[in-house]
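First comes the structure, then the notes that go with it.
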Number of protein chains: 2
Amino acid sequence: MRTRSSRGALGKRLSSSDRATIHDVARRAGVSIATASRALSGRRRVTPDVADRVQRAAEELDYRPNTVAQALRGQSTRIVGMVVPGIGDPFFTQIVEAVEHDLAGSGRELLLCDSRHDPAIEARRVRALLERQVDGLVITPCDATASVPAVREAARSVPTVQMDRYVEGDVTDWVGVDDESGVNQAVAHLADRGARRVAFVGGAPAGSTARVRLEAFERAVAARPGVTVAARALGDFSVEHGRRAARELHASGDLPDAILCGNDQIAVGLLRELRAAGVRVPADVSVAGFDDIGYAALTDPPLTTVRQPVPQLATEAVRLLTAPPAPARPPCRIAVSPTLVIRASTSP
Amino acid sequence: MRTRSSRGALGKRLSSSDRATIHDVARRAGVSIATASRALSGRRRVTPDVADRVQRAAEELDYRPNTVAQALRGQSTRIVGMVVPGIGDPFFTQIVEAVEHDLAGSGRELLLCDSRHDPAIEARRVRALLERQVDGLVITPCDATASVPAVREAARSVPTVQMDRYVEGDVTDWVGVDDESGVNQAVAHLADRGARRVAFVGGAPAGSTARVRLEAFERAVAARPGVTVAARALGDFSVEHGRRAARELHASGDLPDAILCGNDQIAVGLLRELRAAGVRVPADVSVAGFDDIGYAALTDPPLTTVRQPVPQLATEAVRLLTAPPAPARPPCRIAVSPTLVIRASTSP
DNA sequence: TTGAAAGCGCTAACAC
DNA sequence: GTGTTAGCGCTTTCAA
């Protein structure tokens, strides 16, 4: 009468959540729990007759393995943790969706955390995930420097891959797009359409993508004779920042020929505000974004943008998480090439 | 030499993920593991001096409790499972974000699953969550009838709350908005603005919200003399469905005065396509949505819509999950009143 | 092939 | 107030 279930067998079942354990299955099948375990897992040969009996007993009792116990015993939870700066950002949403899908395909689950763009919260969430013995961690560190300790700590105890953004130093594997290439394609496109004075509205360079895209922008413009930087507006990767930048640009009375945005959220806000101000896109000014979130095709005019191959990024990340932990293998960086999607916001 | 950590103490530490256990802390502090546990948890009085020593030992060893072991022992994982039809849908994204936030506030984590609008996948995900001994489950069942078994199974073994959609029968608690009220407000508003012929573009009534909103629409129109149903287009809650409906409506050459959409995604697609076809909103036709997702304020024209108080819904859901399991308390239904947000898509 | 038993890391009786 | 000990449910030696 040791287990909760045998209490149930006495007719004193306290609640329906009193589930059958492997003990119950073994008893019912008339074998030891070891044999029951072997039969159920199929990882070891068992007499066919015995296997059948165990199988049937399990079904009759509606047996469900307790994965918590399996995890404690087997040192693997089959849970992967994920920390993103903001679940609500459509780009991160896409990534979360893709990672969850890939994990589900291999019987793993996703423990999702939102750091709310705050390194302190992020550090706490990472710690909580580690205490939960996650098998791996996917993180988009919100700050290139302030997030270093959290990422380091994660990497010390569990396979960790940074996605999209990364922290300073070669701390862990990283998967993302080649921002330089993406920005280059966008600037080349804008220049080809005749833009001479190009503005950049992006994120403040606390996160790596914000910085890298800005720098790539500067280089891309500098590399093109006749093209100059009309303005830079740095804030966060939000719709609101886009709106603000649009108002300022418009108020300055000196619109550039084209505006490249650090991400689509910014571009969406910018487009909205430009329209409200009566500025015509692309006639008066061309606008391009970065990410290709779902809504990019729905703005008016539809947004030209640099598409991130999200499913591929997710697959690479999950693959790295599972990769054989080659002893002291140096961190790798996988930069997938993005493609420019040309829509009406940059062409008549 | 029983624990992995004592292996480490022998200098044979195999990997840095060889974490200190409570045994190590106890040994270092010179107390028993029970005392260490008590000191660390603070749930029982301990001599101040001893408490200090344990605390220090824990810090020095960088001790982290193993929550898997705590869960196995304590019958609580502090993990809540969540299953939604589609992570990518902005409305569900908002809900996930809000639930995650509320859970984090009470030291719990969110195990997120996407059923991809498929009852079979949904059932598998629910089962996986139950095997993981989640403390509770929040689910938006994709189908009012096909999802019944999965929801029932969940409810049998763990506190479960349905959010937004629900299945037939009083199976579990439910939290959502009062769809009837929301649709009524929208129809009243459209009628007030002079609409006589009103169309409905919504979801096929497999999910509960789709059905309820459609029925509420029929009733609301019927209750208003002079107002009639111009058309019904039922599909899924997607942008694409909205686009398709707009094309059909336009091709029919007989536009209604106003269109109420089953959700904002549909409305966004509809607005896009109407604009492409040269139909003016709201001059030629008014359009209203449901949910008030972030982009509703960013469409052109901005979308009038029924706002769901997402943070409140999430808070209620989390509260119900934690509510004392009054024995055989009948399931409750919490229907929060939504508010109509009037924007330019229905008024000049 | 099968069973007995150890033990994953932790908490809570139960003694002292 | 502190230590000893019995498990939580499972998998995997190690013997038989």
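Numbered from 1 within each chain, the chains take letters A, B, ... in sequence-line order.
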A:R132 (side chain) donor-acceptor with B:T77 (main chain) under 3.5 angstrom: yes

On DNA chain C, more 5' by nearest nucleotide between B:T67 and A:A34 is A:A34

Length of the NE2-P vector between A:H23 and D:dC10, whole Å: 8 Å

Nearest-nucleotide comparison on DNA chain D, the residue closer to the 5′ end among B:A69 and B:I33: B:I33

Measure the distance from CZ on B:R78 to P on C:dT11 and round it to the nearest whole Å. 13 Å

Please test A:Q162 against A:T172 for side-chain hydrogen bond (donor to acceptor under 3.5 Å, both in side chains), starting from the C-alpha separation and ending with a verdict. CA-CA 7 Å; A:Q162 297 179 83; A:T172 77; 3.0 Å; yes

With respect to the side chain of B:S32, which nucleotide from C:dG3, D:dG3, C:dC10 is positioned closest? D:dG3

When all nucleic acid strands are considered with a 4.0 Å heavy-atom cut-off, which category describes B:V50: base, sugar-phosphate, or nothing? sugar-phosphate

Kindly say whether, by distance alone, the side chain of B:R73 makes a donor-acceptor pair under 3.5 Å with the base of D:dG9? no

Length of the CG-C1' vector between A:D49 and C:dT1, whole Å: 12 Å

Given D:dG3, D:dT12, C:dT11, the nucleotide with the shortest approach to the side chain of B:S37: C:dT11

Can you tell me how far C1' of C:dC10 sits from CG of B:N66, to the nearest Å? 8 Å

Which of these nucleotides, D:dG1, D:dC10, C:dC10, is closest to any side-chain atom of A:Y63? D:dC10

Between A:L130 (CG) and C:dG9 (P), how many Å, whole number? 16 Å

Can you see if the side chain of A:T47 gets near the phosphate of C:dT2 - specifically, an N or O under 4.0 Å from OP1 or OP2? yes

Does a nitrogen or oxygen in the side chain of B:Q70 sit under 4.0 Å from OP1 or OP2 of C:dG9? no

Take a 6.0 Å sphere around NE2 of A:H101 and say whether it holds more than 12 heavy atoms from other residues, nucleotides or ligands. no

Decide yes or no for B:I95 and B:M82: does some side-chain heavy atom of the first lie under 4.5 Å from some side-chain heavy atom of the second? yes

Quickly work out the A:R27 CZ to C:dG3 P distance and round it to whole Å. 15 Å

Under the 3.5 Å rule, do the base of C:dG3 and the side chain of A:R38 count as making a donor-acceptor pair? yes

Pairwise side-chain contact, B:L40 with B:V54, heavy-atom cut-off 4.5 Å (strictly under): yes

Does a side-chain N or O of A:T21 approach OP1 or OP2 of D:dC8 to a distance below 4.0 Å, or not? no

Minimum-distance nucleotide (side-chain atoms of A:Q75 versus D:dT5, C:dC8, D:dT2): C:dC8

Looking at B:L130 and B:A154, what are the two nearest heavy atoms and their distance? CD1-CA, 3.8 Å

For A:L72 and C:dA6, what is the distance between atoms CG and P respectively, to the nearest whole Å? 17 Å

What integer distance in Å separates B:R19:CZ from C:dC10:C1'? 14 Å

With a 4.0 Å cut-off on heavy atoms, is A:V31 in touch with a base, just the backbone sugar-phosphate, or nothing at all? sugar-phosphate

